[in-house]
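In what follows, a single structure is set out as structure tokens and then discussed.
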Amino acid sequence: MKTSIFSCSERGSLKQAAKLLVQGNLVAFPTETVYGLGANALDPEAVMKIFQVKKRPQDNPLIVHIAKEEQIQELVTYISEKSKILMKTFWPGPLTIIFEKKEVVPAIVSANLPYVALRMPSHPCALALLREANVPIVAPSANLSGRPSPTKAEHVREDLRGKISCILDGGQVPIGIESTVIDMTTEPPTLLRPGKITKEEIEKSIGSITTKTTKLEEHKSPGMKYKHYSPKAKVILFKEEKDIRELLAKKQKESPLVLVYSNAEEMAHSLFADFRSADAKGHKIIFVQEIEEKGFGEAVMNRLRKAAAKK
Ligand code: TXA
Ligand code: MG
């Protein structure tokens, strides 16, 4: 398959990409978090292609992206007052909200669960594409399953060229890690994946939420159990340079790379791209200095710890 690469800044490209989506093809596009791999959420055959192309396990449900609040009623059975506040406060933006789903949402989108995850992205290219397509669009991160999420069109090309119809190139994404996911079907609501919108910010708007998932909730968000975000190289975390001096000297044969970031924003912005380029350059070990696990730092450290986790 030929993969067309279009620029987000051309109006004609957006129209063409939207048409491809409506016709059941896969189109990758930038969001404010990471690049997404889009398909028409109401077309089970198109959605199936996402699982095949990404080699994604089918028990890992997808996020449905919308551009207008009117689209929500078609997809979910009930919107609580707290959910309304979240939508009003954080949409469009990097917050994914889980609701009980209506029948029109195909089982393949929600991995047979009675729930659907919704998000209204704020990236102008994503919003323009969603408006033009005028159907809800499922979009997981546009990487092969298990690889770091793509933060540039070039990363999508690396993983998916020849396998999808189109890539919309909008340059580097502004945030660099995936959206915050909150389950509003539990009381109190459950934070399932930390992201740019922090627990503290959410609690300021709707009161206390939990991060403790019960066995049932883990079953509800099966994606959490998969190893994510990992480069091929081994990732080792450290606090201070002196802690790794000896190890670094011992590991010279494995061409170690040391990554140090000055804050959470910078780490989020560069981490996945740095992982990819480390693999390309043949580094077998990556040492990454930890940052403070406060505010946005908690979400970024969550991704880093997953990358460092042994399987
Ligand atoms: O920032 C993002 O959210 C990006 C961009 C492209 O929007 N998308 C993304 O999708 O990260 P993905 O598929 O890589 O991650 C989706 C996460 C998974 O952890 C999945 O288990 C969870 O959301 N999820 C999706 N639908 C769910 C549902 N119905 N119930 C519980 N968890 C769900
Ligand atoms: Mg992903």
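All heavy atoms count here, side chains included; hydrogens, waters and symmetry mates do not. Keep in mind that what you see is a predicted model, and the values were worked out from it rather than measured. Order of listing sets the numbers, starting from 1, for every ligand and every atom in it.
The Mg ion (ligand 2) has an N, O or S atom of Ser141 inside 2.8 Å of it.
Residues satisfying the disulfide bond (SG atoms under 2.5 Å apart) test with Cys166, not counting sequence neighbours, are none. By the side chain to side chain contact (heavy atoms under 4.5 Å, CB included) test, Ser110 is found to be paired with Lys101, residues two or more places apart in sequence or in another chain being considered.
Summarising the local packing, NZ of Lys102 is surrounded by more than 12 heavy atoms from other residues, nucleotides or ligands at distances under 6.0 Å.
Taking every heavy atom of Ser179 and a limit of under 4.0 angstrom, the matching atoms of ligand 1 come to 1 (O), 2 (C), 3 (O). For ligand 1, the atoms sitting less than 4.0 Å from at least one non-hydrogen atom of Gly36 are 6 (C), numbered in the order shown with element in parentheses. Per-residue contacts place Arg119 under 4.0 angstrom from the following atoms of ligand 1 (heavy atoms of the residue considered): 1 (O), 2 (C), 3 (O), 5 (C), 7 (O). For ligand 1, the atoms lying closer than 4.0 Å to a non-hydrogen atom of Ala117 are 25 (C), 26 (N), 27 (C), 29 (N). Using a 4.0 Å cut-off to heavy atoms of Thr33, the atoms of ligand 1 that qualify are 1 (O), 2 (C), 4 (C), 5 (C). Close approach of ligand 1 to Tyr115 is summarised as follows: ligand atoms under 4.0 Å from at least one heavy atom of the residue are 29 (N).
For ligand 1, the polar-atom distance check against Glu178 finds no nitrogen or oxygen pair separated by under 3.5 Å. The shortest N/O to N/O separation between Ser110 and ligand 1 does not fall below 3.5 Å. Looking at ligand 1, you'll find an N or O of His65 within less than 3.5 Å of one of its N or O atoms.
Taking 4.0 Å as the cut-off, Ala139 counts as a neighbour of ligand 1 on heavy-atom distance. Residue contacts with ligand 1 include Ser141, since one of its heavy atoms falls under 4.0 Å from the ligand.
Salt bridge present: Lys196 and Glu265 bring a charged side-chain N and a carboxylate O closer than 4.0 Å. A salt bridge between Arg11 and Glu132 is present, with a side-chain N of the basic residue lying under 4.0 Å from a carboxylate O of the acidic one. Between Glu246 and Lys250 there is no salt bridge, since none of the side-chain N atoms of the basic residue sits less than 4.0 Å from a carboxylate O of the acidic one. Taking 4.0 Å as the cut-off between side-chain N and carboxylate O, Arg276 and Asp159 count as a salt-bridged pair. With respect to Lys199 and Glu298, no salt bridge is recorded, no charged nitrogen being found less than 4.0 Å from a carboxylate O.
In this structure, Ile177 and Val300 have side chains that are in contact, with non-hydrogen atoms separated by less than 4.5 Å.
If you look at Arg56 next to ligand 1, the close heavy atoms, those under 4.0 Å, all belong to the side chain. At a heavy-atom distance under 4.0 Å, no atom of Lys101 approaches ligand 1. At a 4.0 Å heavy-atom cut-off, ligand 1 touches Asn60 through the side chain alone.
With Phe287 as the fixed residue, the side-chain contact (heavy atoms from CB on, under 4.5 Å) test singles out one of Asp243, Ile244, Val235: Ile244.
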